Amino acid sequence: MSSCLREGGFELDGIPVRYAEGGAGLPLLLLHGSGAGASSHGNWQRVLPRLAERHHVHAMDLIGFGRSGAKPAGPHFDYALWLRQCREMIARMPGGRIGVIGHSLSGTLALRLAACEPRVARVMTTATMGASFAANPATETAWSFPRGREALKRASRLLVHDPALIDEAYLDGRERILREGDHGRRFEQMFAGDKQRFIDDVALTADELAAIGCEVLMLHGRDDRGFPADALTLRMSRSIARADVHLLSRCGHSVAFEWPEKFLALAVPFFAEVEHG
């Protein structure tokens with residue numbers, strides 16, 4: 001964890017929830033994706049310290065991921081629980097208006113929060129899910145437990161466009177979480193069976209998208225193989241009244257990790273407008 005951040009926590013249904021907190025200014029809630037070894041640190045490590053220079057960041061690990069605890073029994077894919085977790089985190093965040101940044105599956109959480117939480121002033125998504133599309137081999141691999149370092153490397157190269165970014169430090173960080181305790185068993189149980197249902201279960205309805213009244217900034221990699229921009233961000237944005245879209249070339253699924261400078265160049269002024277508006 002960066003020296004500018006500290007670990008915070010609370011309990012939800014007796015399960016420990018952990019988040020990294022730091023900085024001052026507009027409170028931001030950051031939510032990671034759902035792949036094997038996913039965590040807030042892994043998702044946001046290349047942008048979080050810079051965001052904390054301008055904002056009061058709260059980068060939370062969803063239950064079952066990262067440093068947060070896990071449910072004592074299944075189902076471990078518990079979208080309703082994750083949404084409650086986000087709302088509990090928001091209730092603990094100081095001030096009035098807040099911003100939310102959600103990646104992949106958590107992009108759907110961010111959008112739903114925008115529709116139901118009056119404190120949410122702006123939302124930013126990266127490679128968000130939220131519409132139904134046909135799962136492909138890259139999608140299936142993202143939600144499969146990698147057995148061994150080579151399998152992890154192959155899976156990572158389906159998510160990250162530039163293979164040079166998949167270095168030993170990247171693999172070490174993912175493996176550290178994957179091999180901890182019974183994380184592997186829980187992950188396999190979380191995404192057992194037909195992967196299509198996880199896409200369909202988190203899709204937002206037309207009414208939900210229409211209920212989003214705040215400004216939304218949507219980023220997506222043009223080369224995202226497992227979660228295609230055309231089927232997700234580009235399609236959903238047409239139903240969100242105040243959505244702007246940026247499609248990044250030479251970018252796969254991991255937007256903030258692959259292109260941190262582009263991410264920050266868009267995020268910083270987007271959220272600054274809330275403070276200065």
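Residue numbers start at 1 and run along the sequence shown. This one's a predicted model, so the numbers in the text were calculated from it and none came from an experiment.
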For [Y], does its backbone N or O pair with a side-chain atom of [X] as donor and acceptor, under 3.5 Å?
X    : Y    : result
T233 : H220 : no
D223 : C251 : yes
R119 : M93  : yes

Answer yes when [X] and [Y] have at least one side-chain N-carboxylate O distance shorter than 4.0 Å, and no when they do not.
X    : Y    : result
R84  : D13  : yes
E150 : K153 : yes
R197 : D200 : no
E261 : R50  : yes
D162 : R157 : no

Taking the side chain as every heavy atom from C-beta outward, state whether [X] and [Y] have any atom pair closer than 4.5 Å.
X    : Y    : result
V123 : L113 : no
L31  : V100 : yes
L165 : F257 : yes
R179 : R176 : no
D230 : R235 : no

**Message:** For the aromatic rings, using the six-membered ring if either is Trp, is the centroid distance between W143 and F77 under 6.0 Å?
**Reply:**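 No, too far apart.
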Rounded at 0.5 Å granularity, tell me how far [atom1] in [X] sits from [atom2] in [Y].
X    : Y    : atom1 : atom2 : value
D224 : S254 : CG    : OG    : 8.0 Å
D172 : I177 : CG    : CD1   : 12.0 Å
E180 : E175 : CD    : CD    : 13.0 Å
R154 : L158 : CZ    : CG    : 9.5 Å
L29  : C86  : CG    : SG    : 6.0 Å
L266 : L219 : CG    : CG    : 5.5 Å

[X] and [Y]: side chain donor to acceptor below 3.5 Å:
X    : Y    : value
E140 : N136 : no
S104 : H253 : yes
Y79  : R112 : yes

**Request:** Just say parallel, tilted or perpendicular for the rings of Y19 and F10, cut-offs at 30° and 60°.
**Result:**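 Rings of Y19 and F10: tilted, 30 to 60°.
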**Request:** Could you label the plane-to-plane angle of the W44 and F263 rings as parallel, tilted or perpendicular, counting under 30° as parallel and over 60° as perpendicular?
**Result:**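 Correct class here is tilted.
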**Asked** Looking at F270, is R122 sitting on its ring face, NZ or CZ under 6.0 Å from the six-membered ring centre and within 45 degrees of the normal?
**Response**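 Yes, R122 sits over the ring of F270.
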**Prompt:** Considering the options R250, H161, R46, which one meets the side chain to side chain contact (heavy atoms under 4.5 Å, CB included) requirement together with W259?
**Reply:**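 Of the listed options, the one satisfying the test is R250.
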Scan the side chains in residues 58-66 for donor-acceptor partners under 3.5 Å anywhere in the protein, sequence neighbours excluded, and list what turns up.
residue	atom	partner	partner atom	Å
H58	ND1	H56	O	3.3
D61	OD1	S40	N	2.8
D61	OD2	R67	N	2.8

